[in-house]
Amino acid sequence: MSSTTPVATEMRVAPKHALGGLHRVHWAVVGASLVLTIVASWITAKNADQRQRSEFEQEAEQAVGLVLERMEKYEGGLWAGVSVVHSFRSRGTEMQRGDWANFARSIDLVGRYPGINGIGVILHVPAGELDAYNEKWQAQYPEIEGFSSKPQVQSRDHFPITFIEPLEANKKALGLDMAFETERHNGAMRTMRTGMAQVTGPIVLVQDAGKTPGFLFFAPFYRDGEKTRTLEDLEGMVYAPFVVKQLMAGTLGRQARSVALTIRDGDVVLYNEETATSQRGEPALSTTKAVQVYGRTWTFDIRSQATATGLASSQALTILVCGITIDVFLLCIFVVLSRSRHRAEQLAQTRTKQLSDAVQHLQSTNARLEESNGDLEQFAFIASHDLQAPMRTVGNFALVLKEDLDGRINDEEKDVLDTMIRATARMKSLIASVLKFATITKDEGDTQTDLNELAKDIAWEMGPALEAAGAKLTIGELPVVATSTDGMALVLRNLLGNALKFRRKDTPAHIRIHAEQQHETLYLHVIDNGIGIAPEYQAKIFQVFQRLHREDEYEGSGIGLSVCKKVVTQLGGSISVHANREGGSTFSICLPQSCVISQTASPQSAPAMSQH
């Protein structure tokens, strides 16, 4: 009985280092949990802000890209008009009003070019020919009384709008002389000098009742179609007038966006998208991008729809509230634990034992998995090896049977035997490939391979095949790497063999091997100009027995690239493929810097050796 008394006393009396009935460790845990909660909330808020910033930048780039993409589309319409003008000139005829109207209808101006106000033709008229111009074109517009170039300006050259469609909406602009106003005239001169499509500075279109900012878009055409870029040879321009507000409505109106735009040309605001945040305060995120737009610099001021106060992450607040709630809950638990410490210690021991058992179980499972993988690899080796004998027997019997029955069987029966012989040969090839794949093991010990020498040896081996195919092999400066020669030889033979096999029928094959160093990574590239690989198959081709073509089109087992991937992966690297500008494929082997023993390759190294 007396032996249990001290224990009971210890359970009833709080230890001297307890604070307020709780052990100091309990207070430390609660404090650490509170600190972690605050830190987690701060990190979450920061990550949310960074994510919002990234999404904002992406949407800002998208909005600017949409505007530039739409401008490129409008430019295409202008050059189409220039081509129509030249077609009439090449036939020795002059375009009439009705011809231009037919062209405008043919390109579906409103449907294909939303946001455009119209499309027209401006002719270059020297001052001495202005009266003749007015008299000539008055006959083309009988419904417009007193058609003439307007307003009257003193200039050596005039640039009146001669055609414009749709006419009804742009009738006020008909005959307008670009020489009357600085921005219009400067834009016309700039497009004349450059021979390229150009936009004017900010203007107000005469046909715009709202008097909002706009601009003109010019594309020049010259006499005899030659772009001599002189005023004397400039025949005129195809142009399109734009009200920026309508342009933006046609470009961005259908986009669900969380950003708003303001577009400026110099100090002039071309477009300002009002948002709710402009009434509530500063936007949470904003950026400014200066973009060259056909001879002018447009400044895009882009801002988020949310205000700065709206960026507070609800997720961070939730974490903070939940964390504090958990801390309070922990404090309550510690109060209970302080009164039943012995029970808690027993529980801790139980949990520790369970954790230990779980660790032991995991270790045992990992050991069994490694043993199973080894058995599976051994089984593949044995199965592949043992299957070859019966396949050889079947193939040999088929050959003997064909020879013995020669002359006594018909063509159909011969085809059956030939099919059996080809099938056994195909099966033997697949078994050999499986055997090869199963026997690939990770390099052990200190080994190294001079890729320069290895590539040249393989080029010599493949010399007859290269010569027979009329192919060219170019080898750049390659490094010495820490791997066995056999493994890298398998990789290079497979890649070069595929490049030769999948070449174009009508184009001589050109295969290049070169290396480049980027940061802490070595890239080994094998580039060809063959038939290429569709993007949806570029990952699948590295799977075992994955083929993209029938056997009668391209022979092979479908395991070569799987071998390459296994060898490279065992080196701690990776292999991928993408299309190149020649229409062929570029296989890129990425190896860590630790694999490089002697670095002889430099970025974008030039070819050092060619094999024909």
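Note that these values count all heavy atoms, side chains included, but never hydrogens, waters or copies made by symmetry.
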Kindly determine whether E165 and R105 satisfy salt bridge (Lys or Arg N to Asp or Glu O under 4.0 Å), including the steps that lead there.
CA-CA 9 Å; E165 291 293 335; R105 283 191 297 270; 5.8 Å; no
Worked verdict on I575 versus F542 for side chain to side chain contact (heavy atoms under 4.5 Å, CB included):
CA-CA 9 Å; I575 183 171; F542 294 101; 3.7 Å; yes
Go through the steps for E69 and K73 under the test salt bridge (Lys or Arg N to Asp or Glu O under 4.0 Å), then give the verdict.
CA-CA 6 Å; E69 181 182 349; K73 186 173 183 180; over 6 Å; no
Check the pair T586 / H525 against side chain to side chain donor-acceptor pair (under 3.5 Å), numbers first and verdict last.
CA-CA 7 Å; T586 297; H525 303 293; over 6 Å; no
Check the pair T262, R303 against side chain to side chain donor-acceptor pair (under 3.5 Å), reporting the backbone distance first and the verdict last.
CA-CA 9 Å; T262 296; R303 55 198 178 275; 2.8 Å; yes
Give the intermediate values and the outcome of salt bridge (Lys or Arg N to Asp or Glu O under 4.0 Å) for residues E57 and K289.
CA-CA 11 Å; E57 290 290 345; K289 299 179 181 294; 3.8 Å; yes
After noting the C-alpha distance and the side-chain angles of D233 and R223, does the key distance pass the salt bridge (Lys or Arg N to Asp or Glu O under 4.0 Å) rule?
CA-CA 6 Å; D233 291 313; R223 303 187 189 282; 5.3 Å; no
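Paired with F103 under the rule side chain to side chain contact (heavy atoms under 4.5 Å, CB included), one option of I119, L109, V121 passes, and it is I119. Partner E273 forms a side chain to side chain contact (heavy atoms under 4.5 Å, CB included) with one of I302, D301, L261 and no other, that one being L261. Of the listed residues (D528, T474, N529), just one forms a side-chain hydrogen bond (donor to acceptor under 3.5 Å, both in side chains) with H510, and that residue is T474.
One finds the CG atom of L473 at 6.0 Å from the CG atom of L466 (value rounded to the nearest 0.5 Å). Taking OG of S149 as the reference point, atom CG of L176 lies at 8.0 Å (rounded to 0.5 Å). With rounding to the nearest 0.5 Å, the separation of CD in Q96 from CZ in F88 is 8.5 Å. Remark: L495 CG to I527 CD1 distance equals 12.0 Å, nearest 0.5 Å. To the nearest 0.5 Å, atom CD of residue E59 and atom OG of residue S304 are 10.0 Å apart. Taken to the nearest 0.5 Å, the NE2 atom of H158 stands 9.5 Å off from the CD atom of Q152.
Within 6.0 Å of CD on E94 lie more than 12 heavy atoms contributed by other residues, nucleotides or ligands. In the displayed structure, D267 atom CG is contacted under 6.0 Å by at most 12 heavy atoms of other residues, nucleotides or ligands.
Looking at T191, its side chain never comes within 3.5 Å of a backbone N or O of A188 through a donor-acceptor pair. Without hydrogens or angle criteria, N186 side chain to G201 main chain gives no donor-acceptor distance under 3.5 Å. Checking side-chain atoms of R504 against main-chain N and O of G530 turns up a donor-acceptor pair under 3.5 Å. Checking side-chain atoms of H124 against main-chain N and O of L231 turns up a donor-acceptor pair under 3.5 Å. Without hydrogens or angle criteria, E181 side chain to R184 main chain gives a donor-acceptor distance under 3.5 Å. Looking at N580, its side chain does come within 3.5 Å of a backbone N or O of S585 through a donor-acceptor pair.
For Y294 and F217, the distance between ring centers is under 6.0 angstrom. Ring centroids of Y271 and W298 are separated by 6.0 Å or more, keeping the two rings apart.
The closest side-chain heavy-atom distance from W137 to L123 is below 4.5 Å. Side-chain contact between Q593 and L522 is absent, with no heavy-atom pair separated by less than 4.5 Å. Considering only heavy atoms from C-beta on, T569 stays 4.5 Å or farther from S574 through its side chain.
Nearest heavy atom pair, residue N117 against residue V243, reads OD1-N, 3.4 Å. Contact between L500 and A471 at its shortest, heavy atoms only, is CD1-CB, 3.7 Å.
At a cut-off of 3.5 Å, with distance as the only test, no side-chain donor of T200 or R190 sits close to an acceptor on the other residue. Under the 3.5 Å distance criterion, with hydrogens and angles disregarded, a donor-acceptor pair is assigned to the side chains of Y133 and T162. No side-chain donor-acceptor contact under 3.5 Å links S106 and N102.
Ring-plane geometry between Y74 and Y113 is classed as tilted, the angle between the planes lying from 30 to 60 degrees on a 0 to 90 degree scale.
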